[in-house]
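Contents: one structure, followed by commentary.
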Number of protein chains: 8
Amino acid sequence: MDRSSLKKLLTDVRDGRTSVEEAFAKIRHLPYEDIGAAKIDHHRALRRGFPEVIFCQGKTPEQALAAFRELAGHNGRVLATRVSPETASLIKTELPEAQYRPEARILFLSRTEIKPRWGRIAVLSAGTSDLPVAEEAALTAELLENEVSRIYDVGVAGIHRLFSHLEELERARVLIVVAGMEGALPGVVAGLTDRPVIAVPTSTGYGASFGGLSALLTMLNTCSPGVGVVNIDNGFGAAVLAHLITRSGDEKP
Amino acid sequence: MDRSSLKKLLTDVRDGRTSVEEAFAKIRHLPYEDIGAAKIDHHRALRRGFPEVIFCQGKTPEQALAAFRELAGHNGRVLATRVSPETASLIKTELPEAQYRPEARILFLSRTEIKPRWGRIAVLSAGTSDLPVAEEAALTAELLENEVSRIYDVGVAGIHRLFSHLEELERARVLIVVAGMEGALPGVVAGLTDRPVIAVPTSTGYGASFGGLSALLTMLNTCSPGVGVVNIDNGFGAAVLAHLITRSGDEKP
Amino acid sequence: MDRSSLKKLLTDVRDGRTSVEEAFAKIRHLPYEDIGAAKIDHHRALRRGFPEVIFCQGKTPEQALAAFRELAGHNGRVLATRVSPETASLIKTELPEAQYRPEARILFLSRTEIKPRWGRIAVLSAGTSDLPVAEEAALTAELLENEVSRIYDVGVAGIHRLFSHLEELERARVLIVVAGMEGALPGVVAGLTDRPVIAVPTSTGYGASFGGLSALLTMLNTCSPGVGVVNIDNGFGAAVLAHLITRSGDEKP
Amino acid sequence: MDRSSLKKLLTDVRDGRTSVEEAFAKIRHLPYEDIGAAKIDHHRALRRGFPEVIFCQGKTPEQALAAFRELAGHNGRVLATRVSPETASLIKTELPEAQYRPEARILFLSRTEIKPRWGRIAVLSAGTSDLPVAEEAALTAELLENEVSRIYDVGVAGIHRLFSHLEELERARVLIVVAGMEGALPGVVAGLTDRPVIAVPTSTGYGASFGGLSALLTMLNTCSPGVGVVNIDNGFGAAVLAHLITRSGDEKP
Amino acid sequence: MDRSSLKKLLTDVRDGRTSVEEAFAKIRHLPYEDIGAAKIDHHRALRRGFPEVIFCQGKTPEQALAAFRELAGHNGRVLATRVSPETASLIKTELPEAQYRPEARILFLSRTEIKPRWGRIAVLSAGTSDLPVAEEAALTAELLENEVSRIYDVGVAGIHRLFSHLEELERARVLIVVAGMEGALPGVVAGLTDRPVIAVPTSTGYGASFGGLSALLTMLNTCSPGVGVVNIDNGFGAAVLAHLITRSGDEKP
Amino acid sequence: MDRSSLKKLLTDVRDGRTSVEEAFAKIRHLPYEDIGAAKIDHHRALRRGFPEVIFCQGKTPEQALAAFRELAGHNGRVLATRVSPETASLIKTELPEAQYRPEARILFLSRTEIKPRWGRIAVLSAGTSDLPVAEEAALTAELLENEVSRIYDVGVAGIHRLFSHLEELERARVLIVVAGMEGALPGVVAGLTDRPVIAVPTSTGYGASFGGLSALLTMLNTCSPGVGVVNIDNGFGAAVLAHLITRSGDEKP
Amino acid sequence: MDRSSLKKLLTDVRDGRTSVEEAFAKIRHLPYEDIGAAKIDHHRALRRGFPEVIFCQGKTPEQALAAFRELAGHNGRVLATRVSPETASLIKTELPEAQYRPEARILFLSRTEIKPRWGRIAVLSAGTSDLPVAEEAALTAELLENEVSRIYDVGVAGIHRLFSHLEELERARVLIVVAGMEGALPGVVAGLTDRPVIAVPTSTGYGASFGGLSALLTMLNTCSPGVGVVNIDNGFGAAVLAHLITRSGDEKP
Amino acid sequence: MDRSSLKKLLTDVRDGRTSVEEAFAKIRHLPYEDIGAAKIDHHRALRRGFPEVIFCQGKTPEQALAAFRELAGHNGRVLATRVSPETASLIKTELPEAQYRPEARILFLSRTEIKPRWGRIAVLSAGTSDLPVAEEAALTAELLENEVSRIYDVGVAGIHRLFSHLEELERARVLIVVAGMEGALPGVVAGLTDRPVIAVPTSTGYGASFGGLSALLTMLNTCSPGVGVVNIDNGFGAAVLAHLITRSGDEKP
């Protein structure tokens, strides 16, 4: 409700075109419309076509099902991440239209078609054990209606594999680069391209990788400027950030 | 050099239109043109209007001057970050056209006009002691020819100060949010808007802030998706990432 | 035993009103009565209506039962925290009057009515996965006979949800604020109210949350003064501290 | 503005008793009055008699003076913490009515008398090198108009020294316990009394004290429930929390 | 073999009293006798009455049995630490004379009587969950033929419980003090007595106890001089150190 | 005051042999005599011939002088550790009988002769940069009236240097082993002898030595049982522990 | 393709000896042949006789089998590390010629004979629980066709055991030294020999060994120069490095 | 002295060909000759042409001079590392033939010509601020009489710069790779070549580089096998290790 519509509403009250009760009902939520409002609107915009999300790690299959069931009752799209096969199988028993992608550990349900309408996002991964995180990012980005290129297994231990993909990198608007162990790939990629890079450390590794800490520090300390880092294993968060970037470019304020 | 021009070159050699020497000279650099080339071109594109950068922390005034002098000999724009007043003053003695912005610890020299041509970047900071980092980000973004809004001193200890700026946030294409100590501001901002957020932890604080580690961890663990984090105090890196985002939106591949 | 009663006792011995044996029995415990005494009294005062407590984490169901059985033999109230369903079920087989609250992981037994007689404590939690810790705090506070308000799921990723509860916060004498991941809620709440805030980091999260370390550091570094922090997941400790605060206000020394 | 006054305002508009402009002016600020308002009022309440605060660590004497001068222009009380003798002496040159307490590293200015009106706070310290932090806490608590007892040098290396103060502890409403190195004092004190304990780790120590980390961890892990911990060396924050506790007990909501 | 016996041996060879072969056999092991010798002798002395030790943590029951069987074949005493009930039960099937003490997680076999002949060692523990480590220390000390006093459950959360044991502390030659969580007990004990204190941090605790790190740091930072710290949960090592101390006092060099 | 003397006192009161006032005066201090008393006596015993100690690190020369002056007024022996040349020189100006040992950073004053009366303590150090800590230990042990052997520069990088000292090790009752960087010496020594070993990590080193943390962890994790560790650089504490060991062996309870 | 052959190719095109198509086919892969080529050649050289490697930790038996099956289809040698008995047994069901060495946790398949042709590598280990890592190193080095000496159980807790192997050390070209807990062995060995030492920390230990961190830091901080450290438990990596060293000495560039 | 010479010596004694005194003199040093001897010999071999080394960090100019003077009195070559200009200038006043290389922070003195006689070592560095460490490594390697190639400023932020040096890498026998900040260069290099790689993390960087910890972890976690890591900033240690590798290849045992 902007200023002119508030003024008009008050004039309508004065002139008897609107009853006090009607005006009251509209105005009493003003605080949320004013403060929240823009935000909530944008939130809604953000969530247009955006599935509601359930983080299943640490939930029992029954708890995940309960959450999924409730969201599926009110939403056209529901997305669950970190879904074990057991959880997926329990949910699909009740909601057979839900689709499970075990390689991304994602279960989702969409009652409308999902088709790309935002810019292209390239998802790169360093090694095969980074795949679950890379796929979580790639599939989330697709469910958010972005074009997605997957460029996997191009880690720095064989850096030449990366070069044949340079053109493909340039065709993307933003790059998500997933790497565990030493975590050097995002910095190398950022030095080779002028696309914004979202770095995702993974907990892949052992010993002094300290559950992904080593990769995380590498990415934060990269000398190639133009890299933003998300939490360890957070493929989902990387995809949302990439999506906000593509959308912010397409729907310029 | 794409395939058809290579074929044409070879045909020209066969047909005597090009000498062996000329062809040799062109082909022997192929590896760089093929692999590097795209990259180098894009690098150049990236650096169009992009000042050369010197990181002065840990350099003596004399070393900084030497580096600045050399770059200024070959570039229209030179940017130095983390510049102490002593260093600035020494450089300006020799290169009086250089401009020093002590609040951003930046010294730069530009022989062409700097005017905004990319999307708007908003820079938010939590507290007054985060200002040098926020200004490093804001001024760098301006020197990269982006529009910049400054929204300072809106930390979560008085979260209501943030609300009057919600509309301004929405007018930006990307947000840089700078915070030290607890580092909570980026997560709060990301929950209030649908713009991509670049979080910059600062080393502001004492005791268990551990030189910015606390703020860094907070930002990595935010439950608001859509946040990418850069290194502690890395205002410059945040600005470059923001710039790549605005440019990637405007110059879609 | 203060000085005058000691003197009187000695005079009674001298005058034959008290036998040496009686005096001896009283005096030989003096060290405890003098040093410990006040303390023990206050301890007793503290524990008036305070259930004896068993921390079950790391105990087998049988060990927990043995401890519970023994305390239940001598106390009107027994409280066990971190109780698994298996442990609860074993204990209830033997002591069916014990009550299990799985959402708080608490099993307790009270042979007298529990009714609020101290000031109001509000318990806030950031996300749904912080609930077990929040409930441990809330239920413990109730068993310590405080009024308790529960304000759940008001984390900073959607800070507007907090605002409708501002009045409720002001009605409490002390706030317990539970949050995992980034742990920013206590600082935001402390900036919005003038109540003392007890911050409880939880081990909720993954990756760089390092088992609650991130939330812990955030809370220690908050720039809103007026926040005291307890150990990770220590809902019980937060409730005891809150209870000491409400009681210290009501029973002023 | 509660519901009935909003309804009345609308009725007044309808009935011509209030002009559209007047109503507009009132309603358009509703969000702030509703959300912020209570908060701001309470803020004001909180700050009644509360000096404005400047944290001087990391500021040059000139910066500290500038901040102090500005606050002193608008406030009856100004408090600066972590003030070096140089800074104090510069500020006092310009504002000779300011008072410097070097043992607490505090400089303050008060144009009204400061007299205790809230409950008693006892400040305990373990060793002589914890004194600056303990004094920062004690003096801040006094400037917030609380009664303060100082019980210094009662660390656990000679635990018997603590016992002669047990009664004094019981006369306080809340205890601030300051300790560096091993940081064991707060847990011992909490086991001896039923007062809420605010624990302040200090950076006193060397080697494996890691700048106060050891003391901090000790305090978080104490097995005596009833202890809330603040940041390392944060005597000021402890005092504010203690003050909120005494006030919350006296001005019950 | 000291110098004179070597000279005598050579003289015997010269004079035909000893054959070259005999002398060769004696001399060829000289390096070990000379360098190692004292050591090996002392080792032997050290191990006189000292059971051979197997650390079972991380071994399968079968591996533990194999090690135990082999040592039992050559030694009058064998000691195994960190023995699970399953391992104990497997070993006792084959070697029924072995004795299992589950509270100490120790299995031992002794073919000669074990009776105290060295000074008294007191073992103190802070809480009930520290018992396994305390018992590992106490039983090991007994198997090394020291007198042992057990003083359990005297943690600082109820420091008065410690006082009735002060005399008992003084009767010991060395104190082993076991504590988890905050780990404050060794420092308090060291302040109350003039006996050498061996501090054993345990992994008891949760959250910011970080698997015993908190207790470890507390003990290293204690301001009471006279405390030596062993590894987390290392009851066995504490007992060996205490034993070396009592023996070094009785068998003065 | 044991039970029989208390009973006798009461009988004397009853029979008029002791006045009420006399009995009162004796009994009112019972708590301290009972709890504290033994302790205080022992404390006194501990301090017989034991200099009062001032830790000068972090004190200005003036503060150190003030502390030294006061102690020197009441004690025959005063010991100050971590004394800089400036501090030493200021104190000696006023108290010229104080002796400064710069290699140990110790200043002491003794009005009675210091001569060895307890068992021998050997102090070993790994490298030349560990000398200040080793000397702090050795000199403290001497001032505590122990015999001291110094065996310096026998680190594991040239382990053969250690072997010629094996006999000397065996002549000591307890060994203090000082090492920085990798900190391996104490474990090697403990494997070569059966003397109790007190390990002192030093902050010597750079990079991943993390201020002595590396050496500290090495010592805690040694597989040679019989090693107790003190804080980084804590030569003083090691000497006190060693002294308590030699004394506890000589003055058996 | 070096410069002269490129020139010759172009001359052949000019002179009609080579068709444009043939030249095109050769030249278009130049980038890889030039940049990558040398590398790929060397890679191939590196891998001559080098089994393809699968890291099985974190893979299900089925995933490991799939990877093994695929590599075995194209390679004469396949090496899998960190192989559990279950995984080994599943793979051997399908590929019975594969050989499993449980003590090294390695499964390998070789269709050609493996015989030593490079220099000798000695593998030393400190304790019995370091054996799996030492065997992983030793067996990998053998599969890479090096001579290997095994010198096990020579940890510093009994340093004399090492001395009888000094000559054997000198016969090797490079030493791999494996140690957990305190990790002191590599530094001691490096002080006793002039061979390059590769240090492998293991996760053996408990408490403050922090999963191998303690041993890792010890090795990095050793004062014996000539030690290179690999990741915790990385026996495989140590063997590859040792192999590159022996080969680099034999096949001097 | 092997077995046969010992037997022969004894036979000579028996037969009167050798006196008892002569035999005694030979045998009594056996332990050292057997254990130490080989070692000492090899040590000497190791040090042939190897300058004695002084680590000057933490030494005053006077202390450094004293150490240098003493070594120069007995050695033809002396090497001092981490030498400040002040220290260098003081030493050169007294020993003008010493040479100072400020870029390597090395001062050395050699009375014989230094000429390469071992294999080639390539030293690579990532950025300009890694130069002092790279030069310390390169110059040390030269002083140890190896051929050295310097390949500087080839960090991963512009990975293409590395490619023109691939052939040069292949000409070396071992590579030293120096990098700070993210520390990714050694892993990339190891993936591009089959030479052994010695990785040197530097303390270059800020914020989350934590004084070189980030680079260190990256290098330990690299997925390219064949990398050994030395301590942060330890250019000297890397050179010694590289030297032992080249020599071990040339002087095969």
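In the text below, chain A, chain B and the rest are named by the order of the sequence lines, each starting its count at 1.
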Look up atom [atom1] in [X] and atom [atom2] in [Y], then write down how far apart they are to the nearest 0.5 Å.
X         : Y         : atom1 : atom2 : value
Leu220(F) : Ile232(E) : CG    : CD1   : 8.0 Å
Ile198(E) : Leu241(F) : CD1   : CG    : 8.0 Å
Glu170(E) : Ser248(F) : CD    : OG    : 10.5 Å

Report yes if some heavy atom in the side chain of Ile245(F) is under 4.5 Å from a heavy atom in the side chain of Arg173(E); otherwise report no.
no
Is there a side-chain contact between Asn221(F) and Asn231(E), using heavy atoms and a 4.5 Å cut-off?
yes
Against chain F, label Val227(E) side chain, backbone, both or neither, depending on which of its atoms sit under 4.5 Å from a heavy atom there.
backbone
With a 4.5 angstrom heavy-atom cut-off, which part of Leu216(E) approaches chain F: side chain, backbone, both or neither?
side chain
Taking atom CD as the centre, does Glu168(E) end up with more than 12 heavy-atom neighbours from other residues, nucleotides or ligands that are less than 6.0 angstrom away?
yes
Gln57(E) atom CD, over 12 foreign heavy atoms within 6.0 Å:
yes
With chain F as the partner, which of Ala242(E), Gly228(E), Pro196(E) has the greatest number of non-hydrogen pairs under 4.5 Å?
Pro196(E)
Of all the heavy-atom pairs spanning Gly226(F) and Leu244(E), show the shortest one and how long it is.
CA-CD1, 3.9 Å
Which residue out of Asn234(F), Val229(F), Val230(F), Leu169(F) racks up the most heavy-atom pairs below 4.5 Å with chain E?
Val229(F)
